[in-house]
Protein chains: 2
Amino acid sequence: MPRPPLPPRLDAFLAKPNAAVIATVRPDGAPVTVATWYDWEDGRALVNMDASRRRNEHMRADPRVSLTVMSTPNWGSHVSLQGRVVEWIDDVDLRDIDRLAIRYFGQPYPFRDDPRVSAWIEIDLWHAWRPEDIKD
Amino acid sequence: MPRPPLPPRLDAFLAKPNAAVIATVRPDGAPVTVATWYDWEDGRALVNMDASRRRNEHMRADPRVSLTVMSTPNWGSHVSLQGRVVEWIDDVDLRDIDRLAIRYFGQPYPFRDDPRVSAWIEIDLWHAWRPEDIKD
């Protein structure tokens with residue numbers, strides 16, 4: 001699998017609000033996947049979650065994650081990123097989840113009561129499947 | 001997270017040819033994700049891969065996997081399944097990959113030269129996110 005940086009066309013693809021799934025590992029080593037919003041900036045991925053989610057604990061215990069970002073409607077064409085959380089941010093003013101909600105839905109995040117955290121993911125390896133079908 | 005069986009409506013959802021991402025773990029414990037075709041039968045998931053893929057080796061070394069199956073077009077609504085590969089089958093006549101290709105594209109798999117293997121996944125835990133948005 002190649003190392004970053006990604007080719008400009010795939011970098012442009014990742015900058016769009018695509019469907020994505022993130023995997024973390026449980027303390028016992030089993031993988032856990034969940035669909036996720038993400039943003040892409042300077043070759044790093046931003047994700048955001050409810051501070052009470054177990055995924056949050058898993059990522060703090062083992063920062064290694066994998067993110068698969070899918071093309072639409074040809075979701076089989078995808079870019080997968082393996083990396084590590086390198087920065088945690090308490091999203092006290094919900095700025096990051098608003099950023100993601102606006103990116104995906106054009107409006108701020110509607111649920112404002114629960115504390116949230118952001119994680120920035122640095123990419124170690126990437127892989128593209130049928131990248132010729134990915135529109136940039 | 002609940003244990004199987006899944007409610008009939010989610011079982012019916014999984015039976016449809018949805019977008020999916022599977023996570024396996026590398027020998028060093030890092031998660032690896034990739035978009036995948038799957039089929040769903042009697043509460044188990046079928047996946048199929050090129051016999052030479054590293055994912056295949058990973059799954060044989062550690063059979064624990066996680067599968068996230070997404071709704072369309074509301075991909076944020078999803079069902080995630082945590083389980084283990086309980087059966088490996090050499091797909092010598094390409095019957096299983098044809099089954100998946102026909103399920104997703106209505107025709108047999110076009111690449112017939114490389115050996116392929118199938119894995120049946122038994123589900124230990126499942127989780128649904130916004131299941132009310134999932135159409136069965």
Side-chain angles (χ1 to χ4, degrees), chain A residues 1 17-38 49-50 53-55 58-59 61-85 100-101 104-105 111 121 124-130 133-134, chain B residues 1 17-38 49-50 53-55 58-59 61-85 100-101 104-105 111 121 124-130 133-134:
Chain A
M1 288 175 65
N18 303 294
V21 168
I22 191 169
T24 54
V25 286
R26 291 196 313 222
D28 69 1
V32 179
T33 50
V34 65
T36 189
W37 287 344
Y38 77 96
M49 67 214 100
D50 187 306
R53 289 263 173 263
R54 209 168 298 171
R55 172 161 62 113
H58 296 166
M59 291 164 81
D62 187 336
R64 295 177 297 180
V65 301
S66 183
L67 192 69
T68 286
V69 178
M70 284 155 280
S71 182
T72 304
N74 300 317
W75 60 271
S77 296
H78 63 93
V79 177
S80 289
L81 308 165
Q82 292 175 34
R84 292 152 293 110
V85 175
L100 292 171
Y104 279 93
F105 283 112
F111 311 108
I121 299 163
D124 297 315
L125 298 168
W126 63 272
H127 165 76
W129 182 249
R130 290 204 302 260
D133 292 345
I134 291 175
Chain B
M1 286 175 68
N18 304 295
V21 168
I22 192 169
T24 54
V25 286
R26 290 196 313 221
D28 68 1
V32 180
T33 49
V34 64
T36 188
W37 287 343
Y38 77 96
M49 66 215 98
D50 189 305
R53 289 263 173 262
R54 208 167 299 170
R55 172 160 62 114
H58 295 166
M59 291 165 82
D62 187 335
R64 294 177 297 180
V65 301
S66 183
L67 192 69
T68 287
V69 178
M70 283 155 279
S71 182
T72 305
N74 299 317
W75 61 271
S77 296
H78 64 92
V79 177
S80 290
L81 309 165
Q82 292 174 35
R84 292 154 292 113
V85 175
L100 291 171
Y104 279 93
F105 282 113
F111 311 108
I121 299 163
D124 296 315
L125 298 167
W126 63 272
H127 166 76
W129 183 251
R130 290 205 301 260
D133 291 344
I134 292 175

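Per chain, numbering begins at 1; letters A, B, ... match sequence-line order. Just the heavy atoms: all of them, side chains too, but no hydrogens, waters or symmetry mates, feed the values below.
- Interface check for chain A: of the options Arg54(B), Arg26(B), Arg84(B), the most heavy-atom pairs under 4.5 Å are formed by Arg26(B).
- Nearest heavy-atom pair across Ala23(A) and Pro31(B) is O-CG, 3.7 Å.
- Between chain A and the residues Leu81(B), Ile22(B), Val79(B), Thr36(B), the largest count of heavy-atom pairs under 4.5 Å involves Thr36(B).
- Heavy atoms only, all atoms of each residue included: Ser66(A) and Thr33(B) are closest at OG-OG1, 2.6 Å.
- The heavy-atom pair separating Met70(B) from Ala35(A) by the smallest distance is CG-CB, 4.5 Å.
- Only the side chain of Trp129(B) comes within less than 4.5 Å of a heavy atom of chain A; its backbone N, CA, C and O stay farther away.
- When heavy atoms are compared at a cutoff of 4.5 Å, Val32(B) approaches chain A by way of both its backbone and its side chain.
- Considering only heavy atoms from C-beta on, Arg64(A) comes within 4.5 Å of Asp28(B) through its side chain.
- Among Gly76(A), Gly29(A), Ser80(A), the residue with the largest count of heavy-atom pairs under 4.5 Å with chain B is Gly29(A).
- What you find for Val25(B) and Val25(A) is that their closest heavy atoms are CG1-CG1, 3.8 Å.
- For Val65(A), the part sitting under 4.5 Å from any heavy atom of chain B is the backbone (N, CA, C, O) and nothing else.
- Atom CH2 of Trp75(A) and atom OH of Tyr104(B) lie 4.5 Å apart (nearest 0.5 Å).
- Heavy atoms of Leu67(B) lying under 4.5 Å from chain A belong exclusively to its backbone.
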